[in-house]
Number of protein chains: 2
Amino acid sequence: MVTPCTSGRHDHHDIYAAQCPCREVLDLLANKWSALAIGAMEEGPQRFGALQRRLEGVSPKVLTSTLRRLEDKGFVSRTIYPAVPLHVEYALTDLGRSVARPLAQLRLWVENHIDEIAQA
Amino acid sequence: MVTPCTSGRHDHHDIYAAQCPCREVLDLLANKWSALAIGAMEEGPQRFGALQRRLEGVSPKVLTSTLRRLEDKGFVSRTIYPAVPLHVEYALTDLGRSVARPLAQLRLWVENHIDEIAQA
DNA sequence: GAAGTTACTTTCCTTTGGGAAGTAACTGCC
DNA sequence: GGCAGTTACTTCCCAAAGGAAAGTAACTTC
């Protein structure tokens, strides 16, 4: 049996249910590069190059796909300024600004507790 | 140039720095199965089979490796009760209970905002 | 001695992630 | 005219991680 994602008239979603659309969204947000990219954009709209420099070690390929998926779900907007040289800005939407809070808490938790974490 | 992870005498860590150990930890925690498993264990110690049923759709292989990595970093303890049939319990450590809070906020955010998210 | 229970491991295949290099569009500059 | 410079990506290739299915091990109960 597959647990349904919603139950009752209050449309309560269960992220533990395999079929829940929440799963797909969690998979997108609970991701190293998504968490870092959204954090970077909290400081204001960012250009592709700026994000690439900020998220040290990200390849352009992975950054592009991360931003595209965030855009598809409505967390990020992509604006092209056809100036020369080409100028593309990525910014958080209202939804993106909303999810930035819990993601920031997770990033801060890691920074604040790293010393307590036993390393191999 | 590679941004150092820590700077100054206050040992401030920067999760955006590629070499920071925070990165490794973020990669472990900012993960669908880790976030769900830690949430499940908030309700108390859980056996392997119980976790597998709760995290609908997880394969035993992936569940094992998720739990092992969480154990390695000190978020989860693994206790074997050599009863028959074999009984293994996974429980959050203090550190695990601490990080469970921000992860719960992320899961709840997703459940509460799923209706606002534009699906393809 | 066959079946059941729990907790995995193994195998195989697909998907995702990472590094390096290439492309496209357009502006200067010589 | 043509070559370097800038920005924002693609493309290619390989390695690592994720997922489905089946197998294993230890021990009890029927």
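Each chain gets a letter, A, B and so on, in the order its sequence line appears, and its residues count up from 1.
With hydrogens and angles ignored, the 3.5 Å screen pairs a side-chain donor or acceptor of Thr64(B) with a backbone N or O of Pro60(B). Here the side chain of Arg97(B) pairs a donor or acceptor atom with the backbone of Leu92(B) at under 3.5 angstrom. Arg107(A) contributes no side-chain N or O that, together with a main-chain N or O of Ile15(B), makes up a donor-acceptor pair within less than 3.5 Å.
Here Glu56(B) does not pair with Arg23(A) in a salt bridge; the nearest charged N to carboxylate O distance is not below 4.0 Å. Between Glu89(A) and Arg78(A) no salt bridge is recorded (no basic side-chain N to carboxylate O distance below 4.0 Å).
Contact annotation: Arg53(B) does not reach the phosphate of dA7(C) (side-chain N/O to OP1 or OP2, under 4.0 Å). For dT7(D), the OP1/OP2 oxygens have no side-chain nitrogen or oxygen of Arg47(A) closer than 4.0 Å. Within the 4.0 Å cut-off from OP1 or OP2 of dA17(D), not a single side-chain nitrogen or oxygen of Trp33(B) is found. Look at Lys32(A) and you won't find any side-chain N or O under 4.0 angstrom from OP1 or OP2 of dT16(C). Listed pair Arg78(B) / dC8(C) meets the phosphate criterion, a side-chain N or O lying under 4.0 Å from OP1 or OP2.
Here the P atom of nucleotide dA20(D) and the CG atom of Leu55(B) are 14 Å apart, to the nearest Å. Computed from coordinates, the Leu63(A) CG to dC9(D) P distance equals 9 Å when rounded to whole Å. Residue Phe48(B) contributes atom CZ, which lies 17 Å from atom P of dA25(D) at whole-angstrom precision. The distance from atom CG of Leu67(B) to atom C1' of dC8(C) is 11 Å, rounded to the nearest whole Å. When the P atom of dG17(C) is taken as reference, atom CD of Gln52(A) falls 16 Å away, rounded to whole Å.
Nucleic acid contact for Asp27(B): none, since no nucleic acid atom lies under 4.0 Å from a heavy atom of the residue. At a threshold of 4.0 angstrom between heavy atoms, the contacts of Tyr90(B) are confined to the sugar-phosphate backbone, with no base atom among them.
When distances run from any side-chain atom of Val88(A) to the nucleotides dG18(D), dC9(D), dA7(C), the shortest one goes to dC9(D). Side-chain proximity of Lys61(B) to dC9(D), dC13(D), dC12(C): nearest is dC12(C). For Pro60(A), the side-chain atoms get nearest to dC9(D) when compared with the rest of dA20(D), dG18(D), dC9(D). In this structure, of dA7(C), dG17(C), dG18(C), it is dA7(C) that holds the atom nearest to the side chain of Leu86(B).
Within a 6.0 Å sphere centred on CZ of Arg101(B), heavy atoms belonging to other residues, nucleotides or ligands number 12 at most.
Ranked by how close their nearest DNA chain D nucleotide is to the 5' end, Arg68(A) and Ser59(B) are led by Arg68(A).
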For this session: Using the side chain to side chain donor-acceptor pair (under 3.5 Å) rule, take Arg54(B) and Tyr16(A) through it: C-alpha gap first, then chi angles, then the decisive distance, then the call.
Result: CA-CA 7 Å; Arg54(B) 188 82 204 282; Tyr16(A) 282 90; 4.7 Å; no
N/O-N/O pairs, protein side and nucleotides 28-30 of chain D side, under 3.5 Å:
none

